[in-house]
Amino acid sequence: MKHLSFAVMCMSAIAASAQTFTIDVSNPLDIPQTDVPVVVNLHEVLHEQATQVTSVRVTNSATNAEIASQLDDLDGDLCYDELALAVDVAAQGSVRLECSVSVDAPQREYTPRVNAFMKVWDRKYRYPRINAIEYTGGNEPLATYDAIYGHGAQWESELVGFRIYIDHRQSIDLYGKPTPQLVLDQTNFYSTREDLAAGRGEDILFVGASVGAGSFRGYLNGEPTYVDSVLARGQRVLASGPVRTIVEVTDRGWLYDGKAIEMRQLYTMYAGHRDVQVDVQLRNHDAADLFCTGSQKLEMDNHGFITADGLCGSWGRNVPDKAQADLIEGVGIGVYVPAPYLYSIKEDSLNYLTIVQPKLNAVRYHLAVCAGMERAGFQSAEAWFDWLRGWQWVLQHPCAVSAALKP
């Protein structure tokens with residue numbers, strides 16, 4: 001009984017001392033921003049008490065309206081590490097959020113606005129979901145590619161969908177939607193004519209040998225290279241909603257220019273967004289090593305650009321499935337590499353390339369896409385490129401986020 005009483009006292013003390021913290025979000029721009037990503041490191045705010053958190057209720061201080069959020073365990077230690085949410089902020093305005101912590105309630109449930117998953121092929125056509133998979137490097141690439149239903153991890157917001165191939169290419173492919181909705185769990189990138197007729201959208205990009213939409217590549221002898229020779233390659237879904245998805249891609253022992261590099265990529269997307277943040281972590285590389293990403297040129301009616309400050313974009317049409325040549329899809333792609341990681345730019349026959357160099361063993365960049373089939377979407381290359389320039393400006397001037405325990 002003494003041990004039980006002591007445990008109850010400890011839990012009560014935690015609940016009392018970590019009951020509430022606040023988050024302040026400030027918009028420096030003279031335009032309103034919707035679905036601003038907000039991430040709070042629970043360990044930095046709650047310190048040792050963070051390991052006890054099981055649920056957080058977030059409300060807008062001004063309206064008392066509840067804000068959808070999620071708790072994510074990013075390192076697999078069975079304790080939540082981050083609180084993530086998306087919030088609207090007025091032009092040059094600010095929002096204060098009240099966060100009520102629980103140490104015994106389950107995570108709060110909200111209507112999903114994003115989704116991420118992996119599935120395996122199954123001869124009985126059940127395609128069970130999995131959280132992670134890792135292949136040894138000796139496997140033939142097509143075998144790893146075909147063993148996953150959809151050929152790799154898939155994720156989506158209501159606006160657009162993505163997948164990343166689980167083979168040596170690690171290409172990012174795109175899924176378009178006529179109207180905002182979550183559909184990938186139904187179609188898995190394999191849309192039928194019935195799916196198209198029902199407005200569920202389809203795969204909209206033929207990547208081929210290009211960098212696709214912001215795929216990460218090596219860069220040797222002036223050319224992009226695949227992640228060909230590895231000891232092991234894997235994918236994992238770290239977060240699947242309701243407001244944020246995170247997909248991890250790992251390559252262990254990537255033989256790159258005579259070195260065995262360790263690489264981890266994180267692809268993060270938020271509700272209401274058509275863009276993805278890409279974080280690449282590298283180890284055992286040389287400081288002078290270069291890599292690349294960028295935007296591919298479309299097969300038909302391609303328009304594109306690349307600027308010295310790391311923004312590139314393309315717009316055009318292509319045939320995603322060569323077996324269905326009548327299905328021609330319009331696509332817009334954009335990639336932005338912030339200055340600390342940008343080494344140079346280059347245009348070749350297939351791509352608008354941004355050459356990147358790691359800083360402190362890391363690279364960060366952003367990619368954004370649109371589909372011509374979007375009923376309320378972009379109608380021209382000029383409109384898409386204008387949006388990309390505005391998107392770059394917002395990324396360069398992010399909202400300020402701070403969190404603190406209430407006294």
Side-chain angles (χ1 to χ4, degrees), residues 118 120-121 132-154 162-174 189 205-236 247-267 276 278-297 322 333 335 337 341 343-344 346-358 361-365 367:
M118 295 178 66
V120 292
W121 276 102
I133 193 167
E134 184 177 73
Y135 293 103
T136 60
N139 283 293
E140 196 271 321
L142 191 59
T144 64
Y145 175 81
D146 286 337
I148 299 297
Y149 192 54
H151 303 309
Q154 304 181 43
F162 301 84
R163 64 177 169 181
I164 183 164
Y165 293 153
I166 190 165
D167 63 8
H168 63 297
R169 296 170 296 173
Q170 295 182 179
S171 296
I172 298 174
D173 199 6
L174 308 181
F189 261 79
L205 190 66
F206 178 74
V207 177
S210 74
V211 296
S215 308
F216 191 75
R217 298 277 196 264
Y219 189 74
L220 295 173
N221 302 315
E223 300 291 337
T225 68
Y226 291 133
V227 187
D228 281 309
S229 178
V230 299
L231 294 179
R233 70 175 82 248
Q235 294 184 357
R236 182 164 57 136
V247 168
E248 176 191 72
V249 177
T250 56
D251 295 284
R252 297 196 289 120
W254 174 21
L255 187 61
Y256 186 70
D257 199 22
K259 302 170 294 292
I261 290 179
E262 305 297 311
M263 181 167 68
R264 179 180 188 239
Q265 304 171 50
L266 296 178
Y267 294 85
V276 176
V278 185
D279 289 284
V280 184
Q281 301 163 353
L282 297 139
R283 190 163 57 87
N284 299 340
H285 66 289
D286 287 342
D289 280 342
L290 300 178
F291 304 86
C292 70
T293 183
S295 174
Q296 76 172 73
K297 296 180 177 179
K322 301 311 179 187
I333 301 171
V335 170
V337 178
Y341 312 104
Y343 181 83
S344 64
K346 176 184 177 181
E347 180 179 348
D348 64 20
S349 61
L350 297 176
N351 311 289
Y352 304 99
L353 291 175
T354 46
I355 317 305
V356 301
Q357 189 169 40
N361 302 320
V363 172
R364 171 173 288 183
Y365 63 96
L367 66 97

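Predicted model only: the values in this text are computed from it and were never measured. No hydrogens, no waters, no symmetry mates; every other heavy atom, side chains included, goes into these values. Residue numbers start at 1 and run along the sequence shown.
Side-chain atoms of Arg163 never come within 3.5 Å of backbone atoms of His151 as a donor-acceptor pair (strictly under, hydrogens ignored). Here the side chain of Asn221 pairs no donor or acceptor atom with the backbone of Glu223 at under 3.5 angstrom. A donor-acceptor pair is defined here as one N or O able to donate and one able to accept, closer than 3.5 Å; such a pair exists between the side chain of Thr144 and the backbone of Ile166.
Here the straight-line distance linking atom CD of Gln170 with atom CD1 of Ile164 works out to 5.5 Å at 0.5 Å rounding. A distance of 5.0 Å separates CG in Leu255 from OG in Ser229, rounded to the nearest 0.5 Å. How far CZ of Phe216 is from CG of Leu282: 5.5 Å, rounded to the nearest 0.5 Å. Atom OG1 of Thr354 is separated from atom CG of Asn351 by 9.5 Å, given to the nearest 0.5 angstrom. Annotation: the span from Thr250 atom OG1 to Leu266 atom CG amounts to 10.0 Å, rounded to 0.5 Å.
When side chains are defined from C-beta on, Ile172 counts as touching Tyr267, because their heavy atoms get closer than 4.5 Å. Put simply, the side chain of Tyr149 does not reach to within 4.5 Å of the side chain of Val120, judged on heavy atoms. Side-chain atoms of Val356 and Leu290, non-hydrogen and from C-beta on, never get closer than 4.5 Å to each other. The shortest side-chain heavy-atom distance between Thr293 and Val211 does not fall under the 4.5 Å cut-off. Taking the side chain as every heavy atom from C-beta outward, Phe162 and Gln154 never approach each other to under 4.5 Å.
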Met118 and Gln235: CA distance, side-chain angles, deciding distance, side-chain contact (heavy atoms from CB on, under 4.5 Å) verdict: CA-CA 9 Å; Met118 295 178 66; Gln235 294 184 357; 3.9 Å; yes
Evaluation steps, salt bridge (charged side-chain N to carboxylate O under 4.0 Å, His left out), between Lys259 and Asp289: CA-CA 10 Å; Lys259 302 170 294 292; Asp289 280 342; 3.4 Å; yes
Test log, rule side-chain contact (heavy atoms from CB on, under 4.5 Å), inputs Gln281 and Gln265: CA-CA 6 Å; Gln281 301 163 353; Gln265 304 171 50; over 6 Å; no
Intermediate values then yes/no, side-chain contact (heavy atoms from CB on, under 4.5 Å), Arg364 and Val278: CA-CA 6 Å; Arg364 171 173 288 183; Val278 185; over 6 Å; no
Leu205 vs Gln296, side-chain contact (heavy atoms from CB on, under 4.5 Å): CA-CA, chis, key distance, verdict: CA-CA 10 Å; Leu205 190 66; Gln296 76 172 73; 3.6 Å; yes
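For the pair Glu248 and Arg264, the salt-bridge criterion is met [side-chain N within less than 4.0 Å of a carboxylate O].
Of all the heavy atoms in Tyr226 and Ala209, the pair that sits closest is OH-CA, 3.5 Å. In terms of heavy-atom proximity, Ile333 sits nearest to Gly212 at CD1-O, 4.1 Å. Cys292 and Leu353 get closest at one heavy-atom pair: SG-CD2, 4.3 Å. Of all heavy-atom pairs spanning Gln357 and Tyr343, the tightest one is OE1-CD1, 3.6 Å. The two residues Arg236 and Ala132 make their nearest non-hydrogen contact at CG-CB, 3.6 Å. Between Asn361 and His285, the closest heavy-atom pair is OD1-CE1, 3.0 Å.
Contacts of Ser171 classified as side-chain contact (heavy atoms from CB on, under 4.5 Å), with partners at least two apart in sequence or in another chain: Tyr165, Arg169, Val207, Ser215, Arg217. Remark: Glu262 engages Arg252, Arg283, Asn284 in a side-chain contact (heavy atoms from CB on, under 4.5 Å) (not counting sequence neighbours). With sequence neighbours excluded, the residues satisfying ring pair (Phe, Tyr, Trp, His ring centres under 6.0 Å) with Tyr256 are Trp254, Phe291.
Side-chain N/O atoms of Asp228 and Thr225 include no donor and acceptor closer than 3.5 Å.
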